[in-house]
> 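Next up is a structure, given as structure tokens.
One is the number of the first residue; the rest follow in order along the sequence.
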Amino acid sequence: MKKTLYSVLACIAGAALVAALGRACNNENTINNMQHNTYPMQVDSTDLLTIYDITDCPLDLACGQMPDTTQENVLLCVAAAFTGQCLDQFDHSNILGPHISGGVLSEGYTENKDGVPFAERYALFIWKGKDLNGNMLPKKICHFPCDDVLQSTVEHGGMAFTQHWVIKNKAVFAPCIQPLDRVEHFRSLCQKGDRFYVMANRDEMTYQDYLQALIDAGVENALYMDMGAGWNHSFYRDQKGQVHILHPKGHSYPTNWLVVMRGDM
């Protein structure tokens, strides 16, 4: 009788332990899911590159005024398209190429550089926004002309900016935007399959080595992002909410920034 009672009690205790462990696992999964849902930008690194996965994030293009580090829904803020001239006042015509900010299309300026037509040298990065049910629409790198893509992006409240090719169809694009022997921090908007990333070299290196690092990382297509002293001022917010300034502010001439957002605030 005692053995039977002990057996029953042991079974009850074991079941309680299993249930408790199950609740603990469920709670841990819930916490992990909450962290994933509230921090959709994953940050990774290699020996040479820092990699921000922005595939699952809402985006915008801020124009005229850089977002402040106190805006808790901003996860990453980096310069996007080129600025034509160093002006004391903002004008959309001073941003390279067509761009969409806040769901509004502006034409920007165009240039045929070194005899290479604008449509061959530059491409458009777009996030098409959300559908009527609030579902995220795709991000794409588009060749010019792309009037239909721009119009569709406007209709869905998306964003877009124009930039110079860095890698096209898994090969380094020529002509290069920088001298191959220039030593600097560089940054690009990169595509691998259906995933999109912002990638930057962790330490200064030659542009040639930076391009090779992107190729080695499996980048299929990439666009340049405005860099250089003062233009590279940027920040990101980690999973704990701490802000990291990537480069100090050097001047007030940048005109536009790619803004990666949390999406749940």
Side-chain angles (χ1 to χ4, degrees), residues 41-55 66 76-86 95-97 111-125 139 141 143 161-193 195-236 238 244-258 260:
M41 182 184 74
Q42 303 304 306
V43 184
D44 200 357
S45 63
T46 67
D47 290 342
L48 300 178
L49 300 171
T50 301
I51 302 170
Y52 307 87
D53 187 338
I54 64 171
T55 308
M66 182 180 184
L76 177 68
C77 178
V78 291
F82 289 134
T83 296
Q85 302 179 60
C86 295
I95 296 176
L96 176 74
E111 61 179 8
N112 295 332
K113 191 173 181 180
D114 300 328
V116 181
F118 175 86
E120 293 181 18
R121 183 181 283 269
Y122 297 98
L124 185 80
F125 171 70
K139 298 172 174 67
I141 293 177
H143 301 254
F161 68 88
T162 300
Q163 255 297 359
H164 195 284
W165 283 105
V166 170
I167 294 174
K168 188 175 181 181
N169 298 325
K170 301 182 181 180
V172 172
F173 180 78
C176 291
I177 188 62
Q178 295 286 358
L180 292 176
D181 60 354
R182 180 178 178 181
V183 176
E184 183 62 87
H185 283 103
F186 304 102
R187 184 185 293 140
S188 301
L189 190 289
C190 302
Q191 179 187 5
K192 292 173 59 177
R195 308 296 296 181
F196 283 88
Y197 308 85
V198 172
M199 296 190 186
N201 49 313
R202 298 177 62 182
D203 300 306
E204 287 189 349
M205 62 175 59
T206 66
Y207 189 55
Q208 184 172 16
D209 288 343
Y210 170 72
L211 295 174
Q212 188 60 53
L214 296 183
I215 294 291
D216 291 344
V219 170
E220 299 169 17
N221 295 293
L223 302 180
Y224 197 78
M225 302 187 79
D226 201 358
M227 290 290 278
W231 306 95
N232 55 12
H233 177 49
S234 50
F235 69 88
Y236 84 95
D238 64 24
H244 301 263
I245 304 298
L246 299 177
H247 298 279
K249 183 176 180 179
H251 53 73
S252 299
Y253 294 121
T255 57
N256 65 100
W257 299 264
L258 174 65
V260 179

> Which pair of non-hydrogen atoms, one from Ile51 and one from Tyr197, has the smallest distance, and what is that distance?
CG2-CD2, 3.5 Å
> Check whether any side-chain heavy atom of Arg187 lies under 4.5 Å from a side-chain heavy atom of Ser234, and answer yes or no.
yes
> What I'd like to find out is whether the side chain of Tyr224 reaches to under 4.5 Å of the side chain of Gln163, using heavy atoms alone.
yes
> Taking side chain to side chain donor-acceptor pair (under 3.5 Å) as the test, write out the residues that go with Asn112, two or more places apart.
none
> For residues Trp165 and His143, determine if any side-chain heavy atom of one lies less than 4.5 Å from a side-chain heavy atom of the other.
yes
> Salt bridge (charged side-chain N to carboxylate O under 4.0 Å, His left out) with Glu220: which residues, sequence neighbours excluded?
none
> Between Asn169 and Asn221, is any pair of side-chain heavy atoms under 4.5 Å apart?
yes
> Quick one, Asp238 and Val43 - any side-chain contact, counting heavy atoms below 4.5 Å?
no
> Yes or no on side-chain contact (heavy atoms from CB on, under 4.5 Å) for Ile245 and His233, after CA distance, side-chain angles and deciding distance?
CA-CA 8 Å; Ile245 304 298; His233 177 49; 4.1 Å; yes
> Salt bridge (charged side-chain N to carboxylate O under 4.0 Å, His left out) with Asp226: which residues, sequence neighbours excluded?
none
> Just by modelled atom types, is the Ala217 backbone N or O under 3.5 Å from a matching donor or acceptor in the Lys192 side chain?
yes
> Using modelled atom types and a 3.5 Å cut-off, is there a donor and acceptor pairing between side-chain atoms of Asp53 and backbone atoms of Thr55?
yes
> Mind checking what makes ring pair (Phe, Tyr, Trp, His ring centres under 6.0 Å) contact with Tyr122, not counting sequence neighbours?
Phe118, His164
> Any idea which heavy atoms bring Leu223 and Leu124 closest together, and the distance?
CD1-C, 4.3 Å
> Checking His247 now: which residues fulfil ring pair (Phe, Tyr, Trp, His ring centres under 6.0 Å) with it, not counting sequence neighbours?
His185
> What is the minimum heavy-atom distance between Thr83 and Gln85, and which atoms define it?
CG2-O, 3.3 Å
> Quick one: does Ile95's side chain get under 4.5 Å of Thr162's, heavy atoms only?
no
> Going by side chain to side chain donor-acceptor pair (under 3.5 Å), name the residues that satisfy it together with Thr50, two or more places apart in sequence or in a different chain.
none
> Would you mind reporting whether Leu211 and Leu180 have side-chain heavy atoms less than 4.5 Å apart?
yes
> Just say parallel, tilted or perpendicular for the rings of Tyr207 and Tyr210, cut-offs at 30° and 60°.
parallel
> Under the side chain to side chain donor-acceptor pair (under 3.5 Å) rule, collect the residues that match up with Gln212, sequence neighbours excluded.
Asp216
> What pair of heavy atoms forms the shortest contact from Gly230 to Pro254, and how long is it?
O-CG, 3.9 Å
> First locate atom SG of Cys77, then atom CZ of Phe235, and finally report the distance between them rounded to the nearest 0.5 Å.
4.5 Å
> For Asp203, what residues pass the salt bridge (charged side-chain N to carboxylate O under 4.0 Å, His left out) criterion, not counting sequence neighbours?
none
> Can you tell which of Val166, Val78, Leu258 makes a side-chain contact (heavy atoms from CB on, under 4.5 Å) with Leu189?
Leu258
> Any side-chain to backbone donor/acceptor pair from Asn201 onto Phe186? Under 3.5 Å, distance only.
yes
> Less than 4.5 Å apart, any side-chain heavy atom of Phe82 and any of Trp231?
no
> Using 0.5 Å steps for rounding, measure from the CE atom of Met199 to the CD atom of Gln191.
11.0 Å
> Which residues pass the ring pair (Phe, Tyr, Trp, His ring centres under 6.0 Å) test with Tyr236, not counting sequence neighbours?
Tyr52, His244
> Taking only residues two or more places apart in sequence or in another chain, which ones pass ring pair (Phe, Tyr, Trp, His ring centres under 6.0 Å) with Phe196?
Phe125
> With sequence neighbours excluded, tell me which residues meet side chain to side chain donor-acceptor pair (under 3.5 Å) with Arg202.
none
> Within this structure, what is the CG-CE distance for the pair Asn232 and Met227, rounded to the nearest 0.5 Å?
5.0 Å
> Looking at residues at least two apart in the chain, or sitting in another chain, which of them share a salt bridge (charged side-chain N to carboxylate O under 4.0 Å, His left out) with Arg182?
Glu184
> For the atom pair SG (Cys190) and CG (Leu214), what is the distance rounded to the nearest 0.5 Å?
5.0 Å
